[in-house]
Amino acid sequence: MRRLSDAFAQAFKGMFRNGLITFVSIFVLISCLLFVGSFALIALNVAYNLEDVTDLNEIEVFLDFDADDETVARVQREILRLGNVSDAIYVSKEDGLDDMTGEFADYGYLFEDISDEENPLSDKFRVLYIDNDKVTTLDYELKQIDGVRKVNSRLDIAATVDSLQNGISVIFVWFTALCTVVCMFVIINTIKLSVYSRRDEITIMRYIGASRTYIAAPFVLEGALIGVVGATAAFFLEKLIYSLLTGFVTAQMNIVKLYTYAEMTPTVLTVFFGISLFTGVVGSLISLGKYVEA
Amino acid sequence: MIEFKNVTKRYPEGKIALDNLNLKINDGEFVFIMGDSGAGKTTMTKLLLREERVTSGELWVGDVNLAKMRASRIPKYRRRIGVVFQDFRLFKQKTVFENVAFALRVVGGASAAEVKTRVMTMLKVVGLEDKANNFPAQLSGGEQQRVALARAIINNPHTIIADEPTGNLDPKLSMEIMGLLVQMKEYGKTVVVVTHEAELAKMFHQRIVRLKDGRLVGDDIYGGDTL
């Protein structure tokens with residue numbers, strides 16, 4: 001216990017001993033975290049809104065024009081037997097025509113001459129599915145059902161959304177990696193200065209028989225403390241920036257859905273503290289290098 | 001017991017610092033290691049502290065062969081060795097008490113009360129009990145070396161290695177420090193003192209080992225008793 005408190009005391013002293021460079025490290029760390037954090041928040045909100053596009057999770061299955069009641073019932077049974085289907089809602093061609101008339105109410109004259117007997121539509125099912133990733137398979141399976149004339153799925157939209165989300169993820173990973181490297185480089189130099197200013201003490205400790213852990217602990221803690229301070233400051237700054245941005249976006253575009261910062265907090269905290277503690281601890285260990293060698 | 005068996009130390013740049021050295025130092029013995037610059041004295045110290053590894057041969061300290069000791073065991077080994085340097089190597093920002101206590105804290109296991117008792121006892125042994133709260137800068141060179149000696153012996157090491165312990169001291173203080181080191185022999189410690197001060201060494205009538213170009217060229221007790 002005493003050793004740990006000693007190590008913390010040394011770590012705090014180290015931070016203040018290298019005051020300016022510690023400040024620079026924290027500043028760079030905060031900047032990087034804000035870049036990563038802002039990008040992550042934007043990416044998450046884009047994904048959140050893209051979910052709406054794919055969340056319709058619906059495919060229209062049109063039956064043959066001459067499908068009788070028995071065919072309709074059989075096709076419905078076969079659709080519901082498929083793994084990825086949650087429901088199959090029947091829409092008769094009469095209801096379909098009514099829907100279309102309502103949808104194009106401004107062009108009512110187009111439908112005036114169409115009687116039930118001359119209805120050009122066919123019966124259909126609105127098939128609700130569960131997993132968007134398996135929609136291609138479902139599309140194929142629906143087309144194989146006897147009595148099905150046409151299947152309208154949103155494969156193109158799903159593919160676009162998927163590639164968009166993948167693209168955002170790749171950029172996010174590269175961006176995070178780049179910022180992590182920058183943070184680590186800065187922290188390595190900070191801790192190196194700290195180690196250099198205490199090199200004589202380290203030599204004495206080695207001769208007295210201090211273990212590597214004993215020697216390294218204050219420096220690793222110093223790196224971790226820089227990380228914690230940076231992550232905490234970045235978290236609150238991000239909160240401020242996010243509230244300003246969401247206020248602006250909501251005022252300009254009502255249609256856009258946005259997460260609240262409270263909803264994002266676990267993600268932001270994980271990313272910020274993950275990056276900063278990783279760079280702090282690993283950066284310190286790299287800085288110590290030969291100094292802790294026996 | 002310390003034993004060098006056919007020890008050779010060659011540095012990466014090719015320089016041979018110790019050349020097939022054979023030397024045995026018994027438990028409780030006091031030995032001066034002497035020689036000119038480049039004779040291999042410092043290398044011997046580095047090998048004994050396991051700062052360097054022997055190139056060939058065996059170096060035994062007690063039941064440990066330093067030639068084969070793993071790096072992870074070095075800290076524990078060094079706790080059994082007390083070391084004193086020419087430049088004292090004290091923590092400038094710590095008091096005398098804290099400097100000596102630091103060696104105990106590194107090892108761990110001692111309560112605050114025990115640390116206090118043991119540090120004050122050691123300071124008494126080296127005659128500095130009234131300087132416990134002073135900082136190194138407030139002490140003379142001799143006093144600083146006595147602090148270093150107290151730090152070296154507080155963990156009750158079986159061996160004390162002193163590398164030019166009087167190099168920065170005037171003759172009177174040198175006598176004092178050497179006197180204290182000889183006194184350690186009376187406590188049952190094996191003491192190895194590396195020095196180039198031949199006259200000083202002769203005054204204490206202890207074993208003197210002489211090195212030249214990495215080889216043993218003399219091993220006797222001043223007075224002519226060749227070992």
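Throughout, protein chains are lettered first and strands after them, A, B, ... in sequence-line order, and every chain is numbered starting at 1. Just so you know, these numbers come straight off a predicted model, no measurement behind them. What's counted below: heavy atoms across the whole structure, side chains too, no hydrogens, waters or symmetry copies.
For chain A, the nearby part of Phe85(B) is the side chain; its heavy atoms alone come within less than 4.5 Å. Neither the backbone nor the side chain of Arg80(B) comes within less than 4.5 Å of any heavy atom in chain A. Interface residue Gln93(B): only side-chain heavy atoms are found under 4.5 Å from chain A.
Summarising the local packing, NZ of Lys189(B) is surrounded by more than 12 heavy atoms from other residues, nucleotides or ligands at distances under 6.0 Å. Heavy atoms of other residues, nucleotides or ligands lying less than 6.0 angstrom from CZ of Phe135(B) number more than 12. Around atom NZ of Lys94(B), more than 12 heavy atoms belonging to other residues, nucleotides or ligands sit under 6.0 Å away. For CZ of Arg53(B), the number of neighbouring non-hydrogen atoms (other residues, nucleotides, ligands) closer than 6.0 Å is greater than 12. Atom CG of Asp131(A) sits in a crowded spot, with more than 12 heavy atoms from other residues, nucleotides or ligands closer than 6.0 Å. Counted within 6.0 Å of CZ on Arg199(A), heavy atoms from surrounding residues, nucleotides or ligands total more than 12; the atom is thus considered enclosed. Counting heavy-atom neighbours within 6.0 Å of Phe39(A) CZ, excluding the residue itself, gives a total above 12.
We find the CD-OG1 distance between Glu51(B) and Thr203(A) to be 8.5 Å, quoted to the nearest 0.5 Å. For the atom pair CG (Asp200(A)) and CG (Leu90(B)), the distance works out to 11.5 Å, reported to the nearest 0.5 Å. Rounded to the nearest 0.5 angstrom, Asn99(B) CG and Ile204(A) CD1 are separated by 7.5 Å. Distance check, rounded to the nearest 0.5 Å: CZ of Arg151(B) to OH of Tyr207(A) gives 11.5 Å.
In this structure the side chain of Pro75(B) never reaches within 4.5 angstrom of the side chain of Met205(A), judged on heavy atoms.
Of all heavy-atom pairs between Arg212(A) and Ala71(B), the closest is NH2-CB, 3.9 Å.
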